[in-house]
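Nothing fancy with the numbering, it's 1 onward along the sequence. None of these values were measured; they are calculated from a predicted model.
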Amino acid sequence: MEAKPFVKVKIVNHSGNGLPAYATPASAGMDIRADLQEPITLKAHGRILVPTGLHIELPVGFEAQIRPRSGLAAKNGITVLNSPGTIDADYRGEIKVILANLSDEDFTIQNGDRIAQMVVARHENVEWVPAESLTDSERGEGGFGHTGRQ
């Protein structure tokens, strides 16, 4: 497997946890961890803002997306509420994760627990071109299940 190129991103880590890291060479996301003084309980059907102690400086043209961890979602019903959360290149505050508990049971989060994953990705800015009409396409205005089941 060919090595992926790396984008250099400045990071300040005020937590006692390690830096976000890729679990495998082909991983897109890096696990990020809770930075807590004491455990917190995410009530059933509740939501909570979890600090990470991380601050980043992304290059212009990049964003960081905060996404759920599939294991937490499948096993415990824990997800990132505003998934994906977006961190813009000009944001310098602490990365915090909005977690939601979709299960019927409370869930305790400990310091250092892997709570989400972060994907750093390029993005484009658009310049709107006002128009009176759009070019026809095969799909047209079909949406929300338009293509049916396969």
Side-chain angles (χ1 to χ4, degrees), residues 1-103 106-131 134-135 137 139 141-147:
M1 182 171 291
E2 203 172 306
K4 297 185 295 187
F6 287 92
V7 174
K8 298 207 181 284
V9 175
K10 288 183 180 179
I11 187 167
V12 174
N13 184 359
H14 290 299
S15 79
N17 302 313
L19 295 177
Y22 297 103
T24 68
S27 294
M30 297 170 271
D31 287 335
I32 55 176
R33 298 174 181 273
D35 179 34
L36 304 172
Q37 300 303 315
E38 56 190 44
I40 55 176
T41 298
L42 177 50
K43 298 286 186 191
H45 306 287
R47 62 184 179 271
I48 195 166
L49 191 61
V50 182
T52 67
L54 302 174
H55 302 251
I56 60 176
E57 183 178 331
L58 292 165
V60 173
F62 286 83
E63 66 166 327
Q65 299 172 0
I66 305 301
R67 301 179 182 180
R69 294 190 68 243
S70 59
L72 276 180
K75 295 175 188 169
N76 305 104
I78 307 300
T79 191
V80 175
L81 188 59
N82 61 327
S83 182
T86 299
I87 300 168
D88 296 309
D90 56 354
Y91 178 68
R92 297 294 185 270
E94 180 181 10
I95 296 171
K96 295 182 180 180
V97 179
I98 306 169
L99 290 181
N101 183 348
L102 303 178
S103 79
D106 293 353
F107 183 80
T108 300
I109 303 165
Q110 307 281 342
N111 181 56
D113 281 355
R114 296 177 297 162
I115 57 169
Q117 57 181 326
M118 177 170 44
V119 174
V120 175
R122 287 186 190 277
H123 70 82
E124 299 295 329
N125 290 354
V126 300
E127 178 181 345
W128 295 112
V129 179
L134 303 176
T135 306
S137 71
R139 182 175 183 171
E141 293 183 18
F144 299 99
H146 166 74
T147 58

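Scanning both residues, Ile56 and Ala64, for their nearest heavy atoms gives CD1-CB, 4.0 Å. Taking every heavy atom of both residues into account, Leu58 and Phe62 meet most closely at CD1-O, 4.1 Å. Taking each heavy atom of Gln110 and Ala34 in turn, the nearest pair found is O-CB, 3.8 Å. Residues Gln65 and Pro84 share a closest heavy-atom pair of CB-CB, 4.0 Å. Contact record, Asp35 with Gly16: OD1-N, 4.2 Å, taken as the closest heavy-atom pair. The two atoms that bring Glu94 and Gly53 nearest to each other are OE2-N, 2.6 Å, heavy atoms only.
Exactly one of Leu36, Ile66, Asn17, Val97 qualifies for a side-chain contact (heavy atoms from CB on, under 4.5 Å) with Thr52. That residue is Val97.
The line from CG of Leu42 to CG of Asn76 is 10.0 Å long, rounded to the nearest 0.5 Å. Note that CD1 of Ile115 is 12.0 Å distant from OG1 of Thr79, once rounded to the nearest 0.5 Å. Note that the CG atom of Asn101 and the CG atom of Leu72 stand 10.5 Å from one another [nearest 0.5 Å]. Distance CD/Glu141 to CG/Leu134: 9.0 Å, rounded to 0.5 Å. Of the inter-residue distances, the one linking Ile109 atom CD1 with Ile40 atom CD1 reads 4.5 Å to the nearest 0.5 angstrom. Taken from NE2 in His55 to CG in Asn13, the straight-line distance is 9.0 Å, to the nearest 0.5 Å.
Looking at heavy atoms from C-beta onward, Val9 lies in side-chain contact with Pro59 at the 4.5 angstrom threshold. No side-chain heavy atom of Asn111 sits less than 4.5 Å from a side-chain heavy atom of Pro39. Taking the side chain as every heavy atom from C-beta outward, Ile98 and Lys96 never approach each other to under 4.5 Å. Side chains of Ile95 and Pro51 form no contact here, defined as non-hydrogen atoms less than 4.5 Å apart.
Counting only distance, with no hydrogens or angles, the side chain of Gln117 and the backbone of Pro68 share a donor-acceptor pair below 3.5 Å.
Atom CZ of Arg47 has 12 or fewer heavy atoms from other residues, nucleotides or ligands within 6.0 Å.
Under the 4.0 Å criterion applied to side-chain N and carboxylate O atoms, Arg69 and Asp31 are assigned as salt-bridge partners.
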